[in-house]
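Let me begin by presenting the structure, written as structure tokens, before commenting on it.
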Amino acid sequence: MDEDEMARGLDHLMEQNETDLPFLASYGAEMDGVGIDVDALFLGVESFLSSRRVEFEKNDDCITYHSTCISKHEEGLLIEIEHEHLPLVHSDLDRVGFFQGTLHGDKSKLSVILQMWGGEHRRFLERLVEHCA
């Protein structure tokens, strides 16, 4: 089995065993940065990008590729992108695990703080990776 098949197999396994229940967040604590493991999120995003064979540069606090910068922030991971016609709408940034999302009117610039990692967040980054490649 080559690395591509292994990566797809792992993603498939994760999707099969994932239950996305965003409504439960309303019963929990507010996502205000408290209890968020920024280092674990950073490693998760790095692993995700590596599994997609995205060429990126990284230092201790920031991952950059194409027109994207993902940096550690006190409340999660700050994702900033400048690229034409981003495949998003404002409601994409108003979901559980996304904080302070802004999308410019012409869809050329995005800023959002990622506070959790799950299927929805992975698909969000996947769409952006495919679009900006």
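The first residue in the sequence is number 1, and the count goes up from there.
- Remark: side-chain polar atoms of Gln100 are not paired, donor with acceptor, to backbone N or O of Ile113 under 3.5 angstrom.
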Determine, stepwise, if the pair His121 / Phe98 fulfils ring-ring contact (aromatic ring centres under 6.0 Å, His included).
-> CA-CA 8 Å; His121 311 96; Phe98 296 101; 5.0 Å; yes
Verdict with supporting geometry, Leu125 and Ile79, side chain to side chain contact (heavy atoms under 4.5 Å, CB included) | CA-CA 10 Å; Leu125 276 182; Ile79 301 173; 4.1 Å; yes
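- Here the straight-line distance linking atom CG of Leu114 with atom CD1 of Ile70 works out to 8.0 Å at 0.5 Å rounding.
- Taken to the nearest 0.5 Å, the CG atom of Leu78 stands 11.5 Å off from the CZ atom of Phe99.
- Heavy-atom minimum distance, Lys72 versus Asp39: NZ-OD1, 2.6 Å.
- Between Leu86 and His83, the closest heavy-atom pair is CG-O, 3.6 Å.
- The ring pair (Phe, Tyr, Trp, His ring centres under 6.0 Å) test with Trp117 singles out one residue from Phe124, Phe48, Phe42, and that residue is Phe48.
- When atom types are taken as modelled, the side chain of Thr64 and the backbone of Cys69 share no donor-acceptor pair closer than 3.5 angstrom.
- Note: Leu77 CG to Cys62 SG = 10.0 Å, rounded to the nearest 0.5 Å.
- Looking at residues two or more places apart in sequence or on another chain, you find no ring-ring contact (aromatic ring centres under 6.0 Å, His included) involving His73.
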Begin from the C-alpha positions of Val96 and Met116 and carry the test side chain to side chain contact (heavy atoms under 4.5 Å, CB included) through to its verdict.
-> CA-CA 8 Å; Val96 173; Met116 55 191 329; 3.5 Å; yes
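- A distance of 11.5 Å separates CG of Asp92 from CZ of Arg123, quoted to the nearest 0.5 Å.
- The minimum heavy-atom distance between Leu88 and Leu128, with the atom names listed, is CD1-CD2, 3.8 Å.
- Pairing each heavy atom of Asp61 with each of Asn59, the nearest pair is N-OD1, 2.8 Å.
- The structure places CD of Glu57 at 11.5 Å from CD1 of Ile63, a figure rounded to the nearest 0.5 Å.
- Contacts classified as side-chain hydrogen bond (donor to acceptor under 3.5 Å, both in side chains) and involving residues 101-112 (residues at least two apart or in different chains) are given here: Asp106-Ser108.
- Side-chain atoms of Arg52 do not come within 3.5 Å of backbone N or O of Val129 as any donor-acceptor pair.
- Looking at heavy atoms from C-beta onward, Leu43 lies out of side-chain contact with Val45 at the 4.5 angstrom threshold.
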